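Every chain is numbered from 1 and lettered A, B, ... according to where its sequence line falls, protein lines coming before strand lines. For clarity, every value in this text was computed on a predicted model and none was experimentally measured.
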Amino acid sequence: MNKNHNKLDLKQETLKKQPFGVPEGYFESFADRLQDRIREEESVKVPVRRLDSSTRFRVAIAAAVLGVALISYSIFRLTTTNSITNGDYLDMAVLEQMYVFDDEQSLYELIKGNTEELNEDEAFAAQAIDYLAVNDEAMVLLFE
Amino acid sequence: MPVWEDGEILKAIKVLGQEEAAFNQLVQKYQERLYWHIRKIVISHDDADDVLQNTMIKVWKSIGNFRSESGLFTWLYRIATNESLTFLKQKKKRSMGNWEDFEHMISETLESDQWFNGDEIQMKLQQAILKLPEKQRIVFNMKYFDEVKYEKMSEILGTSVGALKASYHHAVKKIEAMLGDD
């Protein structure tokens, strides 16, 4: 640091001189180092293609149309197919609970509502229903 | 190598295959001015290098959304200022356990900076500037060293011209008082 004992006055032009320095060749090599860092960062991340505003607008319109179509189709399907009512789910829940607590009795017998001895065909059907009853999707079949 | 106009850079940067060359032009054209602006805020060369890289990476990532209403340099200056302030905030947070006084720490950074080439008076001036609140410090540096016009500064910092003038006036008074005490 140079020694300069003059009184400090902000109007002095010498004070406005840049007092900081940089290592030799810093600015010459900066762009290359920056490019290396950008490449490094981009190789880590999945490259995202920037879309211009008109393409973004078209993509947004397409997404909106697709969304409306999907919602409409879902509503159409819900209103035209035989859906399971809340009552059906309640019945299924009661049956499942009874089945859990009374594993001596077949679910088939519970549905049929009798406790008489089953013949060979009925016994097979009962086994099949019991097997299917392990999941909800299979239970739905019982009510269709 | 001829220096490209801002308009040429902005046009080429949006063309597939030309974006790297155009961005390189932007870096070459503005790196020094941005570096000195950042350096006066963060003081150490290593920190200034980090902040300049972060600034340029932010520019690279967001230049596709740049609207030309404000000039390119105004926009770059704004990003560099924000990056510098964010950097100082993070550094302040990190240093809480080790330094009671962040101002003291940054002042020590200045004294031990091997890349400070100024004389004793310049050192005293820098020490006094470091005692100013951050935003007042930026206003003082931009006006005193870089001679940026208040209107331009207002665009960069998003502060009214009147407030900037007042801020600079207060900064000058404080610095004169601090240097008068020495």
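- For NZ of B:K174, the number of neighbouring non-hydrogen atoms (other residues, nucleotides, ligands) closer than 6.0 Å is greater than 12.
- The two residues B:D50 and A:R37 make their nearest non-hydrogen contact at O-NH1, 4.4 Å.
- Annotation for B:F145 and A:L15: closest pair CE2-O, 3.4 Å, computed over non-hydrogen atoms.
- Shortest non-hydrogen contact noted between A:V22 and B:W36 is CG1-CH2, 3.8 Å.
- No continuous path of hydrophobic side-chain contacts links B:L26 to B:V15 [ILVMFWY only; heavy atoms under 4.5 Å].
- For chain A, the nearby parts of B:N54 are the backbone and the side chain; heavy atoms of each come within less than 4.5 Å.
- The candidate from A:K17, A:R33, A:Q35, A:K16 with the greatest count of non-hydrogen atom pairs under 4.5 Å with chain B is A:K16.
- Pairing each heavy atom of B:Y144 with each of A:L10, the nearest pair is OH-O, 2.6 Å.
- If you chain together hydrophobic residues whose side chains sit under 4.5 Å apart, B:W115 and B:I106 never meet in one group.
- Atom-to-atom distance recorded for A:Q18:CD and B:E32:CD is 10.0 Å, nearest 0.5 angstrom.
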For residues 23-31 of chain A, tabulate all N or O donor-acceptor pairs below 3.5 Å that involve a side-chain atom, not counting sequence neighbours.
residue: A:Y26; atom: OH; partner: B:D49; partner atom: OD1; Å: 2.7
residue: A:S29; atom: OG; partner: A:G25; partner atom: O; Å: 3.1
residue: A:S29; atom: OG; partner: A:Y26; partner atom: O; Å: 3.3

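- With a 4.5 angstrom heavy-atom cutoff, B:E147 touches chain A only via side-chain atoms.
- Counting heavy-atom pairs under 4.5 Å between each of B:Q31, B:Q126, B:K40, B:E20 and chain A puts B:Q31 at the top.
- Under the ring pair (Phe, Tyr, Trp, His ring centres under 6.0 Å) criterion, B:F66 pairs with B:W75, not counting sequence neighbours.
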Item to check | Working for side chain to side chain donor-acceptor pair (under 3.5 Å), residues A:E42 and B:W60 | outcome: CA-CA 11 Å; A:E42 287 184 346; B:W60 169 246; 2.9 Å; yes
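- Heavy atoms of other residues, nucleotides or ligands lying less than 6.0 angstrom from NZ of B:K29 number more than 12.
- Atom CD of B:E5 has 12 or fewer heavy atoms from other residues, nucleotides or ligands within 6.0 Å.
- Of the atoms belonging to B:I43, heavy atoms from both backbone and side chain fall under 4.5 Å from chain A.
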